[in-house]
There are 2 protein chains.
Amino acid sequence: MVQGSTDHSGQAESWRTDSSGNRLTGTQLAVAALREGIRKGRYVPGQRLVETDLVTEIGVGRNSLREAFAYLASEGLVQVEPHRGASIRRRTHTEVAQLYDLSEVLEGLAARLAAINITQPGNAESLTAAIDREHRDAAGGSANQRIDDAARLHETILAIADNPRLTELVTNLHILTFSFQLRHTRLDGAQDLGETSLAEHLAVVEAIRQADPQQAEIAMRTHIRSAKEQVTALPKDASG
Amino acid sequence: MVQGSTDHSGQAESWRTDSSGNRLTGTQLAVAALREGIRKGRYVPGQRLVETDLVTEIGVGRNSLREAFAYLASEGLVQVEPHRGASIRRRTHTEVAQLYDLSEVLEGLAARLAAINITQPGNAESLTAAIDREHRDAAGGSANQRIDDAARLHETILAIADNPRLTELVTNLHILTFSFQLRHTRLDGAQDLGETSLAEHLAVVEAIRQADPQQAEIAMRTHIRSAKEQVTALPKDASG
DNA sequence: TCGGATGAAATTGTAGGATGATTTGATGGA
DNA sequence: TCCATCAAATCATCCTACAATTTCATCCGA
């Protein structure tokens with residue numbers, strides 16, 4: 001019944017709780033499992049998500065699983081076709097390029113808001129911490145570390161921007177574009193990507209630090225546009 | 001079984017099909033019904049959505065209904081709290097202002113893309129049709145007509161922009177902010193809103209017509225920012 | 001009277017059965 | 001080869017059942 005647990009009495013079941021110890025509903029659990037699975041490549045674009053399989057794999061009922069499908073379909077991560085079921089949504093190069101257009105203006109907004117909020121206590125410090133980490137790992141870190149650092153900087157800016165829905169939307173877009181990159185770049189490619197972005201990150205951070213909303217937005221949009229160009233220039237072998 | 005239908009044989013059931021005659025799934029039906037209900041004020045912010053009631057009201061099973069809740073929760077239209085159920089999500093003035101920030105950059109993007117695509121066949125014509133209609137009703141139309149006209153212009157620009165996800169997001173935002181305005185403006189207030197926006201619409205349309213992406217984006221952002229200011233200046237009696 | 005305990009009612013969360021509908025892939029004949 | 005037909009897999013939907021949780025009215029004692 002509950003995912004191969006050896007727990008036959010009614011005990012803790014800690015894997016069903018979130019970081020605060022709150023019980024997760026089956027739907028939340030399934031959403032998290034699917035998101036993680038997509039991020040880690042456990043589920044790849046185009047892959048069918050057969051209900052009966054995932055029910056046993058994730059350990060929730062069919063209802064919860066289908067609710068998770070609906071939720072993720074609304075985000076655009078999963079595609080649901082009547083009587084054909086759910087699958088990880090494929091993206092063509094064109095669609096990914098369009099998502100980058102969204103990222104450009106949304107992250108631009110984030111940078112602008114961050115420049116406005118940078119004077120709030122603690123914000124300048126967390127921004128500094130994020131960019132310092134990038135600086136440090138630019139020399140001695142692994143490719144994965146540099147990717148993580150870059151992601152963390154974007155998250156930090158979003159946090160400072162302090163617009164929850166904006167954070168949600170951008171985070172979704174990151175997952176969508178990231179799962180695309182996974183299929184189209186090799187590790188060395190990702191390294192290049194990280195290298196060129198450090199200078200651009202510095203420009204963004206500097207504008208935010210100087211509490212210059214307009215310049216922050218411009219710098220961020222330039223940064224995303226350059227990322228878009230790198231990605232859309234990738235080989236057009238397959239789509240997903 | 002199926003919403004008091006008198007149809008006991010296996011006949012048409014036309015209310016379960018979309019504009020193209022395709023059968024709608026129960027989930028799609030419930031999503032559409034809830035969206036419409038929110039738009040028309042049938043369901044108001046804060047209202048609880050009791051499953052057993054809506055099951056009979058909409059005429060779908062509890063599963064389909066709950067999938068619809070999940071879908072709309074991801075959009076932000078509905079709020080789902082464990083063991084307390086779904087409700088139409090309330091928005092504070094602050095949150096609505098934040099949504100307008102999103103609208104500003106997203107619709108700005110739409111205008112920019114429209115200015116790029118305006119040379120495609122048919123696009124200039126549909127844009128002209130939309131703005132002409134606004135012109136005509138500015139003199140003789142009702143307040144509701146003017147509101148519809150304005151909405152249609154935005155839809156037209158989105159269509160020309162030709163970025164499906166962008167269209168989705170902006171449409172969602174329109175519903176969210178519209179349901180807020182419903183509770184905070186009277187009809188005469190809506191009239192004022194329409195009047196001032198005509199000039200701004202003209203500026204946007206003119207920039208798109210001249211295939212000037214940069215100016216189109218600026219004009220649209222100015223327009224949305226002005227709408228935001230009008231709305232956030234509304235009385236802060238209740239939230240939702 | 002006030003505040004907290006208590007217990008019943010309402011509602012949601014979850015699992016899973018049953019059945020019809022639809023897609024998909026295989027098979028066989030023209 | 002191409003198309004009709006059939007069987008299997010899978011989904012869509014509604015249903016029942018019961019556990020879990022919240023909500024709310026009621027009662028009791030200070």
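Naming: A, B, ... by sequence-line order, numbering from 1 per chain. Everything quoted here is computed from the prediction, not taken from an experiment.
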Given [options], the nucleotide with the shortest approach to the side chain of [X]:
X	options	result
B:Arg48	D:dT10, C:dA15, C:dT11	C:dT11
A:Asn63	C:dT23, D:dT23, C:dT14	C:dT14
B:Thr25	D:dC14, C:dT11, D:dT13	D:dT13
A:Thr27	D:dC14, C:dT14, D:dT23	C:dT14

Whole Å only: how far is the [atom1] atom of [X] from the [atom2] atom of [N]?
X	N	atom1	atom2	value
B:Leu29	D:dA12	CG	C1'	13 Å
B:Leu24	D:dA12	CG	C1'	13 Å
A:Glu81	D:dA12	CD	C1'	15 Å
B:Arg66	D:dA12	CZ	C1'	17 Å
B:Phe69	C:dT14	CZ	C1'	16 Å
B:Leu49	C:dT12	CG	C1'	13 Å

Return a table of donor-acceptor pairs under 3.5 angstrom between the side chains of residues 157-166 of chain B and protein atoms on other chains or two or more places apart.
residue	atom	partner	partner atom	Å
B:Asn163	OD1	B:Arg165	N	3.4
B:Asn163	OD1	B:Leu166	N	3.2
B:Asn163	ND2	A:Gln98	O	3.2
B:Arg165	NH1	A:Ser74	O	3.3
B:Arg165	NH1	B:Glu168	OE1	2.7
B:Arg165	NH2	A:Glu75	O	3.2

(Q) Under the rule for side chain to side chain contact (heavy atoms under 4.5 Å, CB included), what residues qualify as partners of B:Arg84, not counting sequence neighbours? (A) B:Glu81
Q.
I'd like to check the side chain to side chain contact (heavy atoms under 4.5 Å, CB included) partners of B:Glu125; sequence neighbours left out, ordered by chain and number.
A. none
**Q.** Side-chain N or O of A:Arg84 closer than 4.0 Å to phosphate OP1/OP2 of D:dT10
**A.** no
Q. Quick one: is A:Ser64 getting a side-chain N or O under 4.0 Å of the C:dA15 phosphate, OP1 or OP2?
A. yes
Strictly under 3.5 Å: I want the nitrogen or oxygen pairs between protein and nucleotides 18-21 of chain D, one per line.
residue	atom	partner	partner atom	Å
D:dT21	O4'	B:His83	ND1	3.2

Q.
Evaluate A:Arg152 against A:Arg133 for side chain to side chain contact (heavy atoms under 4.5 Å, CB included), listing each step before the verdict.
A. CA-CA 9 Å; A:Arg152 195 163 325 196; A:Arg133 177 188 292 263; 3.8 Å; yes
**Q.** Residues in salt bridge (charged side-chain N to carboxylate O under 4.0 Å, His left out) contact with A:Glu67, at least two apart in sequence or another chain
**A.** B:Arg66
Q. For B:Glu67, which contact category applies under a 4.0 Å heavy-atom criterion: base, sugar-phosphate, or nothing?
A. nothing
(Q) Counting the atoms with a prime plus P, OP1 and OP2 as sugar-phosphate, which does B:Leu65 contact under 4.0 Å by heavy atoms, base, sugar-phosphate, or nothing? (A) nothing
(Q) The criterion is ring pair (Phe, Tyr, Trp, His ring centres under 6.0 Å); which residues satisfy it with A:His174, sequence neighbours excluded? (A) A:His154
Q. Which value, rounded to the nearest 0.5 Å, describes the distance between A:Leu34 atom CG and A:Arg39 atom CZ?
A. 13.5 Å
